[in-house]
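Here's the structure we're looking at; comments come further down.
These values consider heavy atoms only, across backbone and side chains, with no hydrogens, waters or symmetry-generated copies.
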Amino acid sequence: MYKILLVDDHTLVRNGFRLILESHKQLSIVGEAGDGVEALEFLDKSETPDLIITDLKMEEMSGITLIHKVKAKYPEIDVAVLSMIEDNNTVAEAFWAGAVGFLSKNSDYDELVQGIFNILQGKRYISMEIGLSLLDHFQLNRPIYIDTEAIYHRYDTSERELMVLELISRGFTNAEIADQIFLSKRTVEGHRQQLIDKTKTKNTADLVRFAFENKLLNKWVNNGFKIPC
């Protein structure tokens with residue numbers, strides 16, 4: 001029996017999907033939540049589900065933010081999106097955040113259940129209609145934009161801190177960074193410690209690992225950041 005937590009801010013939607021999923025004898029809905037905050041509270045107090053199925057647009061905490069937080073605190077729990085929002089940028093951001101599947105609320109019963117079982121069996125899954133749309137994007141060489149500004153805001157990082165982080169990731173010492181961007185060594189040390197505190201990492205090596213995994217360096221890499229002369 002696979003245990004599933006449903007997260008959606010519409011009670012009627014949750015009730016409908018509960019009926020659909022529990023019609024299959026191998027699926028059990030162990031909990032429901034109206035937003036990401038309630039979902040995290042459930043995880044802190046209740047049994048661990050095998051899979052969280054979440055909507056994206058919710059008042060207290062969005063599905064994307066929930067995915068980030070779940071993967072940071074409960075990496076063993078898989079998260080899949082079930083949403084009416086199907087634009088390519090949102091799909092890409094969800095997978096980037098750590099989702100293992102993206103299901104459409106427009107899917108029929110068979111596709112929905114098959115997709116969930118694929119995910120539960122350790123595979124990634126994306127609804128057919130969304131997959132075809134992504135394929136069209138790649139064939140037409142259209143870039144997919146991920147809102148990195150939202151990520152920076154989530155960790156409350158400044159432009160200066162991100163510049164310091166980029167130089168840290170390249171192996172520069174505090175003194176070398178200070179020379180490159182015209183700051184005092186003490187200021188650079190302060191930025192380094194603030195970054196560690198904001199990301200709740202243990203040390204510089206852990207900070208760099210976290211930055212790459214969570215795309216905090218994405219802006220500088222994509223824009224071809226150049227170290228000042």
Side-chain angles (χ1 to χ4, degrees), residues 1-135 146 154 213-215:
M1 181 72 74
Y2 293 110
K3 297 175 291 185
I4 297 173
L5 170 64
L6 280 180
V7 186
D8 195 295
D9 57 354
H10 293 94
T11 304
L12 287 176
V13 173
R14 294 201 308 271
N15 289 343
F17 281 110
R18 172 186 280 272
L19 290 173
I20 290 172
L21 298 179
E22 288 194 331
S23 67
H24 199 290
K25 62 182 180 181
Q26 289 183 270
L27 301 178
S28 173
I29 306 303
V30 295
E32 296 181 19
D35 56 54
V37 174
E38 290 183 13
L40 292 174
E41 290 174 352
F42 176 90
L43 294 177
D44 286 339
K45 300 175 182 177
S46 306
E47 62 181 316
T48 301
D50 299 298
L51 176 66
I52 296 173
I53 299 177
T54 182
D55 195 6
L56 290 177
K57 191 175 181 181
M58 297 177 289
E59 291 265 339
E60 292 298 321
M61 182 188 294
S62 72
I64 297 295
T65 301
L66 173 62
I67 296 168
H68 275 289
K69 290 183 177 294
V70 168
K71 298 314 292 182
K73 191 172 183 179
Y74 307 97
E76 73 281 5
I77 301 177
D78 286 330
V79 186
V81 172
L82 177 62
S83 178
M84 290 290 291
I85 303 172
E86 301 172 10
D87 69 273
N88 295 324
N89 296 328
T90 302
V91 175
E93 189 170 3
F95 278 105
W96 175 50
V100 294
F102 202 108
L103 305 160
S104 170
K105 287 183 178 179
N106 292 320
S107 299
D108 60 27
Y109 172 86
D110 289 336
E111 183 182 11
L112 182 63
V113 173
Q114 182 60 50
I116 289 171
F117 272 102
N118 280 341
I119 293 166
L120 288 168
Q121 291 165 7
K123 303 173 185 176
R124 290 177 179 268
Y125 184 85
I126 189 167
S127 292
M128 184 184 301
E129 185 176 345
I130 302 172
L132 290 173
S133 177
L134 282 171
L135 181 60
I146 295 173
R154 186 174 304 147
E213 288 182 357
N214 292 276
K215 302 297 188 294

Open item on the list: Quick check: closest heavy atoms across Val100 and Phe95, and the distance to 0.1 Å?
Closed with: C-CE2, 3.7 Å
Task: Contact summary for Val113 and His24, nearest pair of heavy atoms - done: CG1-CD2, 4.0 Å
Open item on the list: Strictly distance-based, threshold 3.5 Å: is any side-chain N or O of Glu38 a donor or acceptor partner for the main-chain N or O of Gly34?
Closed with: yes
TODO: Begin from the C-alpha positions of Ile53 and Ile119 and carry the test side chain to side chain contact (heavy atoms under 4.5 Å, CB included) through to its verdict.
DONE: CA-CA 11 Å; Ile53 299 177; Ile119 293 166; over 6 Å; no
Task: Taking every non-hydrogen atom, the tightest pair across Gly36 and Val7 - done: N-CG1, 4.3 Å
TODO: Could you go through the side chain to side chain contact (heavy atoms under 4.5 Å, CB included) check for Asp44 and Tyr74 one step at a time?
DONE: CA-CA 10 Å; Asp44 286 339; Tyr74 307 97; 2.4 Å; yes
- [ ] Identify the two heavy atoms, one from Thr54 and one from Met58, that lie closest to each other, and give their separation to 0.1 Å.
- [x] OG1-CE, 3.5 Å
TODO: Give, for atom CD of Glu93 and atom CZ of Phe102, the distance between the pair rounded to the nearest 0.5 Å.
DONE: 10.0 Å
Open item on the list: Does Lys71 have more than 12 heavy atoms from other residues, nucleotides or ligands lying within 6.0 Å of its NZ?
Closed with: yes
Open item on the list: Return the CD1 to CG distance between Ile52 and Leu43, rounded to the nearest 0.5 Å.
Closed with: 4.5 Å
Open item on the list: Treating Ser104 as the side-chain partner and Ser127 as the backbone partner, does any N or O pair qualify as donor plus acceptor under 3.5 Å?
Closed with: no
Task: Pairs touching residues 29-59 that satisfy ring-ring contact (aromatic ring centres under 6.0 Å, His included), sequence neighbours left out - done: none
Open item on the list: Looking at every non-hydrogen atom in both residues, tell me the closest pair between Ala94 and Val81 and how far apart they are.
Closed with: CB-CG2, 4.0 Å
Task: Distance (rounded to the nearest 0.5 Å) between Ile67 CD1 and Asp78 CG - done: 11.5 Å
Open item on the list: So which atom in Leu5 and which in Ala33 form the shortest heavy-atom distance, rounded to 0.1 Å?
Closed with: CD1-N, 4.5 Å
Task: Straight-line distance of Asn15 CG to Ile20 CD1, nearest 0.5 Å - done: 11.0 Å
- [ ] Rounded to the nearest 0.5 Å, what's the gap from CD1 on Ile116 to CG on Leu51? Could you check?
- [x] 7.0 Å
Open item on the list: Please check this pair: side chain of Lys73 against backbone of His68, looking for a donor-acceptor N/O pair closer than 3.5 Å.
Closed with: no
TODO: Measure the acute angle between the ring planes of Phe117 and Tyr2, then classify it against the limits of 30° and 60° as parallel, tilted or perpendicular.
DONE: perpendicular
- [ ] Run through Met84, Arg18, Lys105 and flag the one making a side-chain contact (heavy atoms from CB on, under 4.5 Å) with Val13.
- [x] Lys105
Task: Check: Leu12 main-chain N/O paired with His10 side-chain donor or acceptor under 3.5 Å - done: no
Open item on the list: What I'd like to find out is whether the side chain of Leu112 reaches to under 4.5 Å of the side chain of Phe17, using heavy atoms alone.
Closed with: yes
Task: Derivation and outcome, side chain to side chain contact (heavy atoms under 4.5 Å, CB included), residues Val91 and Ile126 - done: CA-CA 9 Å; Val91 175; Ile126 189 167; 3.7 Å; yes
- [ ] Kindly compute the distance separating NZ (Lys57) from OG (Ser62), expressed to the nearest 0.5 Å.
- [x] 11.5 Å
TODO: Walk me through it: do Glu32 and Asp8 pass the test side chain to side chain contact (heavy atoms under 4.5 Å, CB included)?
DONE: CA-CA 8 Å; Glu32 296 181 19; Asp8 195 295; over 6 Å; no
- [ ] Spell out, as yes or no, whether a donor-acceptor pair under 3.5 Å connects the side chain of Glu59 to the backbone of Asp35.
- [x] no
